Amino acid sequence: MSSVPLIFDAPRRGRPPRHLADLDPSERREIVAALGLPAYRADQLSRHYFARWENDPARMSDIPVAAREALAPALLPPLLTPLRQLETDGGATRKSLWQLHDRTLVESVLMRYPGRVNQRGVNQGGTERRGTDQRGRITVCVSSQAGCGMACPFCATGQGGLQRNLSTAEIVDQVVAAARVAASGALPGGAGRLSHVVFMGMGEPLANYTRVVSALRRLTDPAPAGLGLSQRSITLSTVGLVPAIEKFADEGLGVTLAVSLHAPDDELRDTLVPVNTRWKVAEVLAAADAYAARTGRRYSIEYAMIRDVNDQPWRADRLGKLLSTRLAHVNLIPLNPTPGSQWDASPKAVEREFVRRVQAHGVAVTVRDTRGRDIDGACGQLAGQV
Ligand code: SAH
């Protein structure tokens, strides 16, 4: 009789190995029990991962060695292999290029904002300051897909198409890795706690809906179920997949929604955000309004300022008018040039005039800083290239 090796848990092609962050606590306990270990080991392991950001079994000295050796491959396989780390802003901005189990590449960016306002808060009536103040924040920008299928022509990720969806754990592990770095004291300013997560890396999060929603639960559930981050400290940015926004409003997650508008008119938005040919500006805003009504959370409108493309005064007026009655604020992003693009950022004077005109409609505006631009780690520059 020939002996066939029993490799129950070998990663299947195209599917990342199972990880505890893919599972809820009861599923983890079942797996642990099936390994012949007491079920509470699942919570112990989860606490190491979610509360201490530990993924090295060798440092889990409260778990017997034999148990660790069984638990680690079953629930804590390495998911992200660091291929390259780049830093700028004196180490306060760090981009990581990760290789996944199937050699797919994704990037995440960790940013620490020092104890002063360094995002130009251009406020209306002073009430916006609290919501847009970045003082003391440690934020990680995560990818939800390898590549992206949305094909926005100004975005580096959009140029290569979609490779695949990330698993829940592949998303969560980017956050845990960032929390580990923040806690290690490696960032300027010393050891700190990761405070914010933005889904603004590679991919369209609502196109990987189920896994992204699970990841959001893992990020917000308290340990040992998850990381225990506050819902309001998480921002999900979308091109505007209307049915998905509507569904997302029913998930009971109070995360902040950001909508990549980039143009107030359908004619231009059809070209800048191609999915607009399917769901128009009015429909996207209506879905965001419904989200805001449901969650009580103000949403943000992202608007990349592209020279001579979408930065005209009339478009500022149109945008201001469009948003004046809505629970929304505008986040202008100076365009980050991407390789091969014919587009440029708007001149500062044009940007200032745009801000002024939008504000004249009583709409709050902030201008995003261009953190990480020189390491291709700014908005829209993540491409996962080696
Ligand atoms: N798919 C999501 C997340 C994308 S990245 C979305 O589209 O919202 C987050 C933001 O960066 C989006 O608003 C995106 O349009 C913007 N962005 C993409 N490329 C950019 C670039 N080159 N310069 C400035 N912003 C860019």
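When reading the values below, keep in mind they use all heavy atoms of this one structure, side chains included, and skip hydrogens, waters and symmetry mates. The structure presented is a predicted model; accordingly, all values stated were derived computationally and were not measured. In listed order, ligands and their atoms are each counted from 1.
With a 6.0 Å radius and a threshold of 12 heavy atoms from other residues, nucleotides or ligands, Glu267 has its CD atom at or below the threshold. Heavy atoms from other residues, nucleotides or ligands lying under 6.0 Å from NZ of Lys321 number 12 at most.
When heavy-atom distances to ligand 1 are checked against a 4.0 Å cut-off, Thr238 comes that close only through its backbone atoms N, CA, C and O.
Of the listed options Asn331, Val239, Val273, Val239 places a heavy atom closest to atom 7 (O) of ligand 1. Which of Cys379, Gly201, Ser300 comes nearest to atom 4 (C) of ligand 1 through a heavy atom is settled by distance: it is Gly201.
No side-chain N or O of Asn55 forms a donor-acceptor pair with one of His48 less than 3.5 Å apart.
Protein heavy atom closest to atom 2 (C) of ligand 1, with residue, atom name and distance, is Ser237 O, 3.3 Å. Among protein heavy atoms, atom 5 (S) of ligand 1 sits closest to Met200 O, 3.2 Å. Residue, atom and distance of the protein heavy atom nearest to atom 14 (C) of ligand 1 are His262 NE2, 3.8 Å. Summary of contacts: the protein heavy atom closest to atom 10 (C) of ligand 1 is Glu302 OE2, 3.5 Å. Remark: minimum distance from atom 19 (N) of ligand 1 to any protein heavy atom is reached at Gly380 CA, 3.0 Å. Nearest protein heavy-atom contact of atom 23 (N) of ligand 1 is Asn336 N, 2.9 Å. Atom 17 (N) of ligand 1 has as its closest protein heavy atom Phe154 CE1, 3.7 Å. With respect to atom 13 (O) of ligand 1, the closest heavy atom belonging to the protein is Ser260 OG, 2.6 Å.
Gln159 places a side-chain N or O within donor-acceptor distance of the main-chain N or O of Cys152, the cut-off being under 3.5 Å.
The closest side-chain heavy-atom distance from Tyr49 to Val176 is below 4.5 Å.
In the vicinity of Gly203, heavy-atom distances shorter than 4.0 Å reach the ligand 1 atoms 1 (N), 2 (C), 3 (C). Against a heavy-atom cut-off of under 4.0 Å, Cys155 is close to the following atoms of ligand 1: 18 (C), 19 (N). Contact atoms of ligand 1 toward Ile333: 24 (C), 25 (N) (distance under 4.0 Å to a heavy atom of the residue). Every atom of ligand 1 with a heavy atom of Thr338 under 4.0 Å away is listed here by number and element: 22 (N).
Every side chain to side chain contact (heavy atoms under 4.5 Å, CB included) that Ala186 has, sequence neighbours left out, goes to Arg94, Val181, Ser184.
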Show me, pair by pair, the donor-acceptor contacts under 3.5 angstrom made by side chains of residues 190-198, not counting sequence neighbours?
residue, atom, partner, partner atom, Å
Ser195, OG, Ile138, N, 3.0
Ser195, OG, Ile138, O, 3.1
His196, NE2, Arg137, NE, 3.4

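Ring-plane geometry between Phe248 and Tyr209 is classed as perpendicular, the angle between the planes exceeding 60 degrees on a 0 to 90 degree scale with a lower cut at 30. Between Phe154 and His262, the ring planes lie perpendicular to each other; the angle is over 60°, past the 30° to 60° tilted range.
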Stepwise side-chain contact (heavy atoms from CB on, under 4.5 Å) check, Leu71 with Arg41 = CA-CA 8 Å; Leu71 286 168; Arg41 295 282 181 219; 4.1 Å; yes

